Every structure is written in C-alpha cells, then in structure tokens.
Protein chains: 2
Amino acid sequence: MGLSDTLKAINDPVRRAILEFLKQGDASAGTIADQFDLTQATVSYHLKLLRQAELITVKKDKNFVIYHLSASVFEDLLAWLYTIGGTPHDN
Amino acid sequence: MGLSDTLKAINDPVRRAILEFLKQGDASAGTIADQFDLTQATVSYHLKLLRQAELITVKKDKNFVIYHLSASVFEDLLAWLYTIGGTPHDN
DNA sequence: CAGGTATTTAGAAAAATATCTATATAGATT
DNA sequence: AATCTATATAGATATTTTTCTAAATACCTG
C-alpha cells in the first residue's frame with residue numbers, strides 16, 4: 001500500500017525473480033512455482049506478499065490463478081528515490 | 001554492493017530516516033543516534049549496514065565520525081525499476 | 001456428486017534481522 | 001599518563017521472515 005510495503009515486497013530475490021518472470025507475460029501460480037526450487041506453498045506465500053503490495057494482480061481462469069505484473073506501484077518508490085537522490089549532491 | 005544490498009539497506013524505516021536526515025546535511029554518529037528512540041549501539045548497527053551498502057560515507061573529525069549521504073548508489077536500483085516498470089504495460 | 005487438479009492456509013521449525021546491555025577501542029583533553 | 005568523550009563491537013535475546021509439511025478450499029470434469 002505504501003512505500004514500506006513496496007520495499008518489503010521487492011526486498012527478496014525470489015520475489016524480484018517472480019516480477020522479472022511476469023515481465024515476460026502473465027502466468028499461473030503453478031507455472032511460477034515451477035521456476036523455483038521451493039515448494040508451491042512457499043511460492044504462494046511470496047505471491048501473497050506481492051499481491052498485498054499491489055505489485056501483481058490476479059485473475060481466475062478455470063481453476064488456475066493467473067498473475068499479472070502491475071508495475072505502476074513503483075511510482076511511490078521512484079518518488080522517494082528522487083527525494084533522496086534527486087537533487088544534485090556531491091557524491 | 002549490488003542491488004540486493006541497496007534494497008536491504010533501505011528496507012528499514014530507521015535506515016530510511018537516517019538517509020532522509022543526512023539529506024539535510026552531514027552529521028555525526030551521535031547526532032544521528034539522538035534522532036531515534038534507540039540505543040546508540042543500535043543506530044551504530046544501522047549505520048554500518050548503510051555504510052556496507054555504500055549509501056553513506058564516513059570521515060573523521062576529532063573524535064567524531066561524520067556521516068555523509070552518498071545517493072549515487074541508487075542508480076542500480078533505478079535501473080532495475082526501469083527493467084520492471086520502464087516499458088509501458090497495461091496496468 | 002465423486003474424484004481430480006490447482007492453489008491457499010495453518011502451524012511449526014529454521015534462518016535472518018534488530019535490539020539491548022556491557023565492554024572495547026580510539027582519539028582528545030587535562 | 002589518566003581520564004573523558006564518541007563510537008564500535010560482542011554476545012545474548014527478541015522479533016520478523018522464510019520455509020516446510022500437512023490439511024483445507026475451490027473449482028472443474030466425468
């Protein structure tokens with residue numbers, strides 16, 4: 001919902017890989033889980049966090065749950081980054 | 001050193017507050033610690049993580065350790081964000 | 001409706017992170 | 001040199017996060 005959730009969501013290599021995978025197109029929970037050497041339950045947990053951070057959206061198709069990247073939420077993060085690093089500073 | 005370290009470093013409200021505080025100007029470890037309701041040792045721990053992520057740099061002055069914001073490291077993070085969210089996508 | 005497939009949830013264990021107190025170090029001052 | 005001041009480190013505990021196994025839910029198909 002806020003910056004904190006966005007940061008928490010992307011502060012994990014598995015979740016970043018999920019986002020990168022979804023960049024190539026929508027996919028079901030099972031297909032996503034197959035990408036990792038983790039149980040499906042664990043991947044489902046990561047998907048939940050990404051959903052809560054609104055970085056992905058869900059749609060049902062038959063008994064599949066299809067996930068879709070929703071990158072617009074990064075705007076808050078970008079705004080914060082510009083707050084910190086936006087103005088020229090002598091690095 | 002990489003994206004992972006940058007994200008880990010900013011994935012904590014205390015550390016983000018430290019960065020925001022340093023945005024206003026350099027400050028000593030003690031001055032920074034005074035900003036928080038935490039022990040000096042705890043703040044020192046956070047400063048160490050920020051240092052390791054190269055988000056801040058250090059300089060000694062008498063027996064003070066002066067911290068300085070070094071925002072250029074956000075570039076990797078920005079690059080990754082554009083990887084995910086850069087190309088128009090139907091959100 | 002019975003069985004099957006896909007996914008989520010619950011609960012426990014493991015791993016990582018944050019915090020504290022107490023102590024150490026380093027440099028400055030008397 | 002003794003002491004004081006600022007900061008860092010060590011070790012213990014607490015909290016949070018990740019992961020697993022097992023069970024539950026949900027929906028589809030015969």
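Proteins come first, then strands; the chains are lettered A, B, ... in the order of their sequence lines, and each starts at number 1. Scope of the values below: all heavy atoms of this structure, side chains included, with no hydrogens, waters or symmetry mates. Model, not experiment: these values are computed from the prediction.
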Please state how far atom NZ in B:Lys48 lies from atom C1' in C:dT17, giving the value in whole angstrom units.
-> 13 Å

Within this structure, what is the CG-to-C1' distance between A:Leu7 and D:dT16, rounded to whole angstrom?
-> 17 Å

State, with a plain yes or no, whether a side-chain heavy atom of [X] is found less than 4.5 Å away from one of [Y].
{"X": "A:Leu7", "Y": "A:Leu77", "value": "yes"}
{"X": "A:Lys8", "Y": "B:Asn11", "value": "yes"}
{"X": "A:Lys59", "Y": "A:Asp26", "value": "yes"}
{"X": "A:Ser70", "Y": "A:Ile56", "value": "no"}

Excluding sequence neighbours, so at least two apart, what forms side-chain contact (heavy atoms from CB on, under 4.5 Å) with A:Ala27?
-> A:Phe21, A:Leu22, A:Thr31, A:Ile32

Give, for atom CD1 of A:Ile18 and atom CD1 of A:Ile10, the distance between the pair rounded to the nearest 0.5 Å.
-> 13.5 Å

Value for CG (B:Leu19) from NE2 (B:His46), rounded to nearest 0.5 Å, stands at 11.5 Å

Pairwise N/O distances under 3.5 Å, protein to nucleotides 18-22 of chain C:
from   : atom 1 : to      : atom 2 : distance (Å)
C:dA18 : OP1    : B:Asp12 : OD2    : 3.4
C:dA18 : OP1    : B:Arg15 : NH1    : 3.4
C:dA18 : OP1    : B:Arg15 : NH2    : 3.0
C:dA18 : OP2    : B:Arg15 : NH1    : 3.3
C:dA18 : OP2    : B:Tyr45 : OH     : 2.6
C:dT19 : OP2    : B:His46 : NE2    : 2.4
C:dC20 : OP2    : B:Thr39 : N      : 3.0
C:dC20 : OP2    : B:Thr39 : OG1    : 3.2
C:dC20 : OP2    : B:Thr42 : OG1    : 2.8

Distance check: side-chain N/O of B:Tyr67 vs OP1/OP2 of D:dA8, anything under 4.0 Å?
-> yes

Residue-phosphate contact under 4.0 Å: A:Ser28 side-chain N/O, C:dT7 OP1/OP2 |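 True: A:Ser28 side-chain N/O within range (under 4.0 Å) of C:dT7 OP1/OP2.
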
Indicate, with a heavy-atom threshold strictly under 4.0 Å, whether A:Phe36 touches base, sugar-phosphate, or nothing.
->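 Nothing, no nucleic acid heavy atom in range.
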
Side chains of B:Arg16 and A:Ser4: do they bring a donor and an acceptor to under 3.5 Å?
-> yes

Strictly below 4.0 Å, heavy-atom distances to any atom of DNA chain D: list the hits from residues 58-66 of chain A, or just say none.
->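 By residue number: A:Lys60, A:Lys62, A:Asn63.
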
